[in-house]
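Note on naming: letters A, B, ... go to the chains in the order of the sequence lines (proteins, then strands), and numbering restarts at 1 for each one.
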Number of protein chains: 2
Amino acid sequence: MSPRPPRPRPDPAPPPTRAPQPGPPAGPDLPQALELGRFLPYRLSVLANTMSGAIATAYAERFDLSIPEWRVMAVLALEPGLSAAKVAERTAMDKVAVSRAVASLLRAKRVERSVEACDRRRSQLQLTARGHAVYREVVPFALAYEEAVLRGLPPRTREKLDELLEELLRRARALRLDRLAPSR
Amino acid sequence: MSPRPPRPRPDPAPPPTRAPQPGPPAGPDLPQALELGRFLPYRLSVLANTMSGAIATAYAERFDLSIPEWRVMAVLALEPGLSAAKVAERTAMDKVAVSRAVASLLRAKRVERSVEACDRRRSQLQLTARGHAVYREVVPFALAYEEAVLRGLPPRTREKLDELLEELLRRARALRLDRLAPSR
DNA sequence: GCCGATTAGTTACAGTTGCAACCATCATAG
DNA sequence: CTATGATGGTTGCAACTGTAACTAATCGGC
């Protein structure tokens, strides 16, 4: 999995910000229209893809590292000895993704694994010296990217962003869609 | 492409919000540490995936519709007669994704296509009556989901969110990563 | 101690996605 | 008119990702 193709996001289009053309066939009294460019899930998706795509390309080119691998390394750097399951928790990845990322990191000798004595199903994962070296190289890059995106935003605005993301995630997670859908 | 598997996001883990354990082997003087749960691209990615996953599942179950298909329908509802390339622009999808979504929508008779007379490479796409019917059914659902996530947020906060998303997307797009990476 | 139920982790398979190569059509130059 | 190049759109192929099935090990009675 080492020579991973970069797969950047082409991200071809600035959303036209507004296209308030009334739909001809639907008529003026259509119940509600939805402009994609103002639809929250869409906007978040485009934003996240733009950022992740940029980062993924950079990681792949510079460090031969995929995003899942990076996530695993990031949590192991702060909490060495985690099991794969714990890593999955911490990274919001599923266990298969973690398994594959770990396999790849093992091959690259960036992570090492030892089975736990008392429970031999479980294993303890930690960065190797090489892994730490890569980590120390990636972190400044990641932080620089984040800072570049946020540069110039006043602290109060950053706080607001932080709160908003927290709040939205909490709500999105709590949401049961069961009784939405006014139609049908 | 009709019986599309829902592919919901398991989204298994609340990020532990903080895990400020100092990395034992890295020592106290490591230049910077990065906590994944506070890293903007990561948080955006998790949030967007959570929302999109929920919506994708719901669309698939209720309307037999994928997100790419929905995006195509959404822009065609507001701007009938667009070409596939224009649709790609409007939806921030690449042309292959549009091509496939359109193919699927044609099969389902939710979109129809006619070649342009003056330029027979190009085609004009528009929703059929069936397509409009589906659209009118989906829109309230989509808006209800968005509203459910935003429910209770004061208008000022919503405006702030709107501005922040706009601003972040602008910055992310403008960012050339070329001269980032302080290391290497 | 032994059998069913659980949990950790991996493997297999299928569906999805993206890039690149590809046709078809149009535009421009000679 | 033909050649060259650009553009719209589709297809082939390879990589990625998720679900489900599977193996290995532990746990919980009995």
| In whole angstrom, what separates R71(B)'s CZ from dT17(C)'s P? | 11 Å
| Is the closest basic N to carboxylate O distance between R156(A) and E159(A) below 4.0 Å? | yes
| dT10(C) P sits how many Å from L105(A) CG, rounded? | 12 Å
| query | Taking atom P of dT16(C) as reference, at what distance in whole Å does atom CD of E69(B) sit? | reply | 10 Å
| message | In this structure, how many angstroms lie between the P atom of dC16(D) and the OH atom of Y59(A), rounded? | response | 18 Å
| query | Is any side-chain N of the basic residue among E167(A) and R43(B) closer than 4.0 Å to the acidic one's carboxylate O? | reply | no
| query | Do you see a donor-acceptor pair shorter than 3.5 Å between the side chains of E112(B) and T128(B)? | reply | no
| message | Is it the case that the side chains of R100(B) and S66(B) hold a donor-acceptor pair, with the cut-off being a distance below 3.5 Å and no angle test? | response | no
| said: Please tell me if R113(B) has a side-chain N or O lying less than 4.0 Å from either OP1 or OP2 of dT10(D). | reply: yes
| said: Do R71(A) and S45(B) pair up side chain to side chain, a donor and an acceptor below 3.5 Å, judged on atom types alone? | reply: yes
| query | From dT19(D), dG9(D), dG9(C), pick the nucleotide closest to the side chain of D94(A)? | reply | dT19(D)
| Closest to the K95(B) side chain, choosing from dC19(C), dA20(D), dT10(D) | dT10(D)
| Any N or O donor-acceptor pair linking the side chain of R121(B) to the base of dT7(D) at under 3.5 Å? | yes
| field | Earlier contact from the 5' end, DNA chain D, for V96(A) and R120(A) | value | V96(A)
| query | Taking the side chain of S99(B) as heavy atoms from C-beta outward, which of dT10(D), dG9(C), dT26(D) is closest to it? | reply | dT10(D)
| task | Please state how far atom CD in Q124(B) lies from atom P in dG9(D), giving the value in whole angstrom units. | result | 11 Å
| said: Under 3.5 Å, is there any donor-acceptor pair linking the side chain of R100(A) to the base of dG18(D)? | reply: yes
| request: Find the distance R122(A):CZ to dG9(C):P and express it as a whole number of Å. | output: 7 Å
| query | Do any side-chain nitrogens or oxygens of S123(B) fall under 4.0 Å of OP1 or OP2 in dG9(D)? | reply | yes
| query | The side chain of D119(B) lies closest to which of these nucleotides: dC19(C), dT11(C), dT25(C)? | reply | dT25(C)
| task | Calculate the interatomic distance between M93(B) atom CE and dT16(C) atom C1'; express it in whole Å. | result | 12 Å
